[in-house]
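Every number for a ligand or one of its atoms is a count from 1 in the order of the listing. Hydrogens, waters and symmetry mates play no part in the numbers below; they use all other heavy atoms, side chains included. It should be emphasised that the depicted structure is a prediction, and the values quoted were computed from it without experimental measurement.
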Amino acid sequence: MNNYFIILASGQSKRFNSNKPKQFHFYKNKLLFKHSLEKAIKSKLFKRIILVVNNTKQIKEKFPNNVFVIKGGKERSDSSLIALKYIKRFRPNNVFIHDAARPDFTVKLLNNLIIALKKNKAVIPVINSNDSIKYKIKNQLFNLNRDNSFLTQTPQAFKFKDLYNLSIKQKNKITDEATLFIENNFKIKFIKGENLNNKITYKEDIKKNNTYFGIGFDIHRLVKNKQLYLGGIKIPFHSGLKGHSDGDVIIHSIIDSILGAMKKKDIGTLFPDNKNKFKNIRSPKMLKPIVELLNKNNFYINNLDINLICEQPKVSKYRDKIIKSLSNLLDIDKNLINLKGKTVEKLGLIGKEKAIACEVICSISE
Ligand code: ZN
């Protein structure tokens, strides 16, 4: 098992549009580069793992003893050469080169590469393109034949000696090590790559994976001579909900759940009840700026689950109407909203029909 794994995490992320290199952004709850590093460690396939970064001070954690963090070079090819020179002293047989920007490869792919490397000098995972690729010669576009064109991925596996010898002679900038073998007419073994092993290139690639939850709760006392509003609609009932506004517990809970998911404090901070301007305000008017805030921050709602806690009115009677109203107010499909009714066995204020409460959980993504 004289295998070495080099993780290139020193890219400048020019296309990523952020001050921080993409390797140091969170992806699925971990820093991007850690997905590759931890997978390589857990696979137990590698004698040593080399993490190549721009600045070794960026790495504060302690890793297992077989992990080495070194400083890379200006371009990708410089970093890979620095790493190859670094591991030369250990006399490796096989070396894997991997871009930290591909966090989703599997250990099975590593195993397949090792098997194929037994009889080859270079093994590269490839997949077919789902998009049709064109190339341009003198302002004219040509179609690449899809059956003969492939997209290359990393990790790529090599016999150390061959890769090292080609790398120290290289003069041009290369985008991956397979290119070196192709340019020098060396035989490459192509194996099946993984469709989910995508490269994180743009900030949007990472963002779409961030999901947050927020919880909201509200309770209002029922009083005579007030109209009852729930979920933005009028409900015929003997009492209405007391409060500075119309007391719509469903909408107030939804607002707090959305604010919670966005980490934007709470409804009381946005609509203080000592401010006259919000007196008798209808709750849909309070929800509107929250939905705007959600859109402005590029969030969207995945779903809402609502518990309306009361003896009366019966939720089943108004469920469809309330959901339709909420779907309009939130501008989301009604299938993303669930409304449950919950009674409290006639206990306490709610059981005696003196109050109505509501709790909501909401999930949002960016
Ligand atoms: Zn309220």
Side-chain angles (χ1 to χ4, degrees), residues 212-294 299 301 303-315 317-319 321-332 336-344 347-364:
Y212 305 96
F213 295 93
I215 186 168
F217 175 80
D218 196 24
I219 182 164
H220 283 256
R221 205 177 268 277
L222 280 162
V223 287
K224 298 274 176 206
N225 304 319
K226 204 175 170 188
Q227 172 64 49
L228 176 65
Y229 288 97
L230 289 173
I233 58 164
K234 270 186 198 173
I235 309 268
F237 199 52
H238 56 67
S239 307
L241 291 167
K242 194 185 169 189
H244 201 66
S245 64
D246 61 11
D248 191 327
V249 285
I250 294 185
I251 292 188
H252 295 177
S253 304
I254 290 176
I255 290 175
D256 257 354
S257 73
I258 296 174
L259 289 172
M262 289 194 292
K263 279 178 277 170
K264 300 273 187 204
K265 297 184 183 152
D266 53 45
I267 188 169
T269 313
L270 270 108
F271 303 99
D273 56 11
N274 54 7
K275 287 253 164 68
N276 257 338
K277 118 175 159 179
F278 302 127
K279 196 164 165 53
N280 294 325
I281 187 174
R282 283 290 318 279
S283 296
K285 270 199 171 162
M286 300 164 75
L287 183 57
K288 204 167 174 248
I290 309 299
V291 174
E292 283 165 4
L293 192 64
L294 196 75
F299 287 113
I301 294 174
N303 75 313
L304 286 173
D305 188 21
I306 307 163
N307 281 344
L308 184 67
I309 308 162
C310 57
E311 292 298 329
Q312 292 288 342
K314 284 282 168 256
V315 167
K317 206 171 158 192
Y318 302 102
R319 179 178 284 122
K321 271 191 179 169
I322 292 176
I323 289 181
K324 191 166 173 250
S325 155
L326 293 174
S327 143
N328 283 333
L329 294 171
L330 293 161
D331 193 20
I332 60 174
L336 304 176
I337 305 169
N338 188 55
L339 173 61
K340 309 200 281 299
K342 183 90 192 119
T343 60
V344 290
L347 292 168
L349 274 182
I350 295 173
K352 292 187 179 74
E353 289 185 36
K354 295 232 166 11
I356 293 181
C358 182
E359 58 188 359
V360 172
I361 185 156
C362 128
S363 151
I364 63 169

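Under the side-chain hydrogen bond (donor to acceptor under 3.5 Å, both in side chains) rule, S245 has a single partner from H252, R282, K285, which is H252.
Side chains of L326 and I254 form a contact here, defined as non-hydrogen atoms less than 4.5 Å apart.
Annotation: angle subtended at the Zn ion (ligand 1) by H220 NE2 and H252 ND1 is 110°, to 10°.
The 12-atom threshold is exceeded at NZ of K314, counting heavy atoms of other residues, nucleotides or ligands nearer than 6.0 Å.
Of all N, O or S atoms in D218, the one lying closest to the Zn ion (ligand 1) is OD2.
The Zn ion (ligand 1) lies at 2.8 Å or more from every N, O or S atom belonging to D248.
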**Q.** Working for side-chain contact (heavy atoms from CB on, under 4.5 Å), residues D246 and L241
**A.** CA-CA 7 Å; D246 61 11; L241 291 167; over 6 Å; no
